[in-house]
Protein chains: 2
Amino acid sequence: MKTMKISEAVVRRLPIYLRYLTELQQREVLTVSSQDLGLKLDLNPAQIRKDLAYFGEFGRKGIGYDVAYLIQKIRQILKLNHQISVALVGAGNLGQALSNYNTYLKDNMKIVAVFDAHTPKIGKKINNLTVQPMEELEQTVRDHNVRIGIITVPAFEAQNVANAFVNAGVEAILNFAPVILKVPNHVRVHAADFTTDLLSLAYYLDNGKEDEEDGEEPMDH
Amino acid sequence: MKTMKISEAVVRRLPIYLRYLTELQQREVLTVSSQDLGLKLDLNPAQIRKDLAYFGEFGRKGIGYDVAYLIQKIRQILKLNHQISVALVGAGNLGQALSNYNTYLKDNMKIVAVFDAHTPKIGKKINNLTVQPMEELEQTVRDHNVRIGIITVPAFEAQNVANAFVNAGVEAILNFAPVILKVPNHVRVHAADFTTDLLSLAYYLDNGKEDEEDGEEPMDH
DNA sequence: TAGATTGTTAATCGATTAACAATC
DNA sequence: TAGATTGTTAATCGATTAACAATC
C-alpha cells in the first residue's frame with residue numbers, strides 16, 4: 001500500500017464505499033465499476049477511482065472492481081481488519097439509542113462499555129451492557145483495549161469526559177455534544193452534533209415560500 | 001445583505017458561530033473578536049472574518065463584533081428569525097432521543113410531529129407528541145407548515161420516507177439512515193449517519209499501538 | 001496618539017473533474 | 001478486434017490563510 005498524505009475528504013468517503021460494497025456483496029454482485037458506484041453514491045466516478053488509487057491498484061481495466069477484494073482492501077486501509085472496541089459516556093436517550101448499533105457495526109467495531117456520571121443511571125442495563133460509573137472508565141478502557149470514545153453527555157460535561165478518555169489512552173473521539181473539545185494533537189475528534197447540521201439546513205430553504213401562504217405569518221403586531 | 005455564491009463550508013460554520021455567540025450572550029459578554037472566536041472554535045480568525053464578511057460588515061474595526069447584533073444577523077442569514085417547523089419519521093430509539101431536543105433548538109426550530117409506519121409505535125406518546133401513522137404525514141406537514149424532515153428509519157425504508165416528505169412539500173431533509181437518498185434538486189439533504197463518522201475515525205488510530213500489547217492479537221491460526 | 005481589530009486582496013493550498021493512454 | 005473501464009496527468013475549481021490598509 002502506497003504512503004502519501006491522504007486528504008480528510010477521501011477518508012470520509014471510504015466508509016460510504018464500504019457500506020455500499022457490503023450491500024453489493026450481500027446481493028452477490030461480484031464486480032462494480034466506478035460508474036456504478038458514482039451513480040449510486042452521487043459521486044463523480046473519476047473521484048472514486050482517484051480515491052481508491054491513493055492506496056493501490058485495486059481495479060481491473062475494462063472490468064471494474066472486484067467487490068470482495070475491494071471490501072477487504074478498504075477494511076485494511078481503515079484498520080478495521082480487527083474489530084475495534086468503543087466506549088460510550090452518557091446513558092441518556094441518545095446514548096441508549098447509539099448503544100443499540102452494535103449489530104449494525106458488525107465485525108468492524110463494537111461498543112463494549114457504557115458509562116455515566118450520575119447515580120440514577122448507574123447499574124442500569126442497556127442491551128447486554130451495564131452502565132458503569134465514571135470512576136471505572138480508565139480501568140475498563142485499558143482492560144478492553146478501547147480505542148475510540150463516544151460522548152453523549154450535555155455540553156457542559158463534555159470536556160471533562162474528553163479529558164477522561166484522553167487520560168485513559170483513547171485515540172479518537174466521536175463527540176455528540178454541542179461544544180468544541182480541546183484535546184492533544186494525537187487524539188482525533190469528529191463532531192457529530194446534529195443540531196448544527198439541522199440549523200445549517202435552514203439556509204437552503206426556499207425563500208420564495210416565506211410569505212406565500214396568506215395569513216400564516218402575520219407581521220409582528 | 002450582499003448576494004453572491006456562498007460556499008457550503010461557510011454555511012456549515014454559521015450554526016457553530018451562533019451556538020457560541022448565544023453562550024456568550026448568556027454570560028453577558030457584549031463584544032467578541034475574530035481572535036477570541038477562533039481560539040474557542042479552533043478556526044483561523046481570518047476565516048471567521050471572511051465568512052461573516054460575505055454577508056455584510058458586521059464588525060467594528062479596533063473593537064470586534066457586537067454579540068447581540070451578530071446573533072441577530074446570523075439568525076437572519078440562516079432564516080431562523082421565524083421558528084421553523086420540523087417533522088420526524090421513525091419512532092425508534094434514535095427518533096425518540098432526537099424528539100427530546102426541542103428545548104435545545106429553542107426559538108430556532110421545533111419538532112412538531114413524529115411519524116412511524118408500524119402499528120406498535122403509533123399512538124405512543126413521546127414528550128408531548130403522539131406518534132402518527134404515515135398516512136397522516138402529508139396533511140400534517142401542510143397544516144403545520146413543516147419545512148424540514150428528519151429520517152430515523154432503517155436504511156431500507158429511508159427512500160420511501162424521503163419520497164413522502166418530498167411529496168408533502170418538505171424543502172430539506174436530515175437523514176440518519178445509512179443510505180444515499182435520491183431527491184429532486186430543489187430539496188436539500190444532509191447526511192447524519194453516525195456510523196460513517198465512527199468508521200472513518202478508525203483511519204486515524206495510532207498504528208504503532210497495533211501489535212504493542214503482547215498476546216492480545218495472535219496470528220490468524 | 002497607540003493599540004487593536006476589521007474587511008479585503010493576493011497567495012497558497014487542497015479537492016474535484018476532465019481527458020485519455022493503457023489494457024482487460 | 002471492439003467496447004469498457006481503470007489509473008493518472010493536467011486543468012479547473014473552491015477553500016483557507018497571510019498580510020495589511022483602513023479605522024475605531
J.: Closest approach to the side chain of B/Ala53, judged atom by atom: which nucleotide of C/dG7, D/dT16, C/dA15 is it?
T.: C/dG7

J.: Would you mind reading off the distance between B/Arg49 atom CZ and C/dT5 atom C1', rounded to a whole angstrom?
T.: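 Rounded to the whole Å, the gap is 7 Å.
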
J.: Establish, yes or no, whether the cationic atom of A/Lys73 lies under 6.0 Å from the six-membered ring centre of A/Phe55 and within 45° of the ring axis.
T.: no

J.: Please list, one pair per line, the donor and acceptor atoms closer than 3.5 Å that link side chains of residues 37-47 of chain B to other protein atoms, with sequence neighbours excluded.
T.:
| from | atom 1 | to | atom 2 | distance (Å) |
| --- | --- | --- | --- | --- |
| B/Asn44 | OD1 | B/Ala46 | N | 2.7 |

J.: Round to a whole Å and report the spacing from CZ of B/Arg12 to C1' of D/dA15.
T.: 11 Å

J.: Are the charged groups of A/Arg142 and A/Glu138 less than 4.0 angstrom apart, N to O?
T.: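 Yes, this pair counts.
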
J.: If you only use heavy atoms from C-beta on, which nucleotide in C/dG7, D/dA19, C/dA18 is closest to the side chain of A/Ala46?
T.: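 Side chain of A/Ala46 sits closest to C/dA18.
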
J.: Starting from Watson-Crick (N1-N3 plus N6-O4 or O6-N4) and G-U wobble pairs under 3.5 Å, report the runs of at least three that DNA chain C belongs to.
T.: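 Detected stem regions: C:3-24 with D:3-24.
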
J.: Quick one: label A/Arg13 by what it contacts on the DNA or RNA (base, sugar-phosphate, nothing), any heavy atom closer than 4.0 Å.
T.: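 Answer is sugar-phosphate: A/Arg13 comes under 4.0 Å of backbone atoms only.
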
J.: Starting at OH of B/Tyr54 and ending at C1' of C/dT8, how long is that distance when rounded to a whole Å?
T.: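 Result: 11 Å.
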
J.: Taking DNA chain D as the partner, which of residues 188-197 of chain A come within under 4.0 angstrom of it by heavy atom?
T.: none

J.: Side chains of B/Ser200 and A/Arg12: donor-acceptor distance under 3.5 Å anywhere?
T.: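 Checked: B/Ser200/A/Arg12 side chains show no N/O donor-acceptor pair below 3.5 Å.
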
J.: Step by step, work out the ring pair (Phe, Tyr, Trp, His ring centres under 6.0 Å) result for A/Tyr101 and B/Phe194.
T.: CA-CA 10 Å; A/Tyr101 270 66; B/Phe194 96 101; 4.8 Å; yes

J.: Counting only pairs under 3.5 Å, give me each side-chain donor-acceptor contact of residues 60-72 of chain B, with atom names and distances, residues two or more places apart or in other chains.
T.:
| from | atom 1 | to | atom 2 | distance (Å) |
| --- | --- | --- | --- | --- |
| B/Asp66 | OD1 | B/Ala68 | N | 3.3 |
| B/Asp66 | OD1 | B/Tyr69 | N | 2.9 |

J.: Check nucleotides 21-24 of chain D against the protein and report each pair of N or O atoms closer than 3.5 Å, with its distance, or say if there are none.
T.:
| from | atom 1 | to | atom 2 | distance (Å) |
| --- | --- | --- | --- | --- |
| D/dC24 | O4' | B/Lys61 | O | 3.0 |
| D/dC24 | O3' | B/Arg60 | NH1 | 2.9 |

J.: Within this structure, what is the CD-to-P distance between B/Glu8 and D/dA15, rounded to whole angstrom?
T.: 8 Å

J.: Mind listing the residues from residues 25-45 of chain B sitting with a heavy atom below 4.0 Å of DNA chain C? Number order is fine.
T.: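 Those residues are B/Ser33, B/Ser34.
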
J.: Any chance the side chains of B/Asp193 and B/Asn175 put a donor and an acceptor closer than 3.5 Å?
T.: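 Not at all, the side chains of B/Asp193 and B/Asn175 share no donor-acceptor pair under 3.5 Å.
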
J.: Whether B/Arg147 and A/Asp206 form a salt bridge (side-chain N of Lys/Arg under 4.0 Å from carboxylate O of Asp/Glu) is what I want to check.
T.: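 Salt bridge absent between A/Asp206 and B/Arg147.
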
J.: Taking B/Glu8 first and then B/Arg188, would you say they form a salt bridge - that is, a charged N and a carboxylate O separated by under 4.0 Å?
T.: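 Salt bridge between B/Glu8 and B/Arg188, a charged N being under 4.0 Å from a carboxylate O: yes.
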
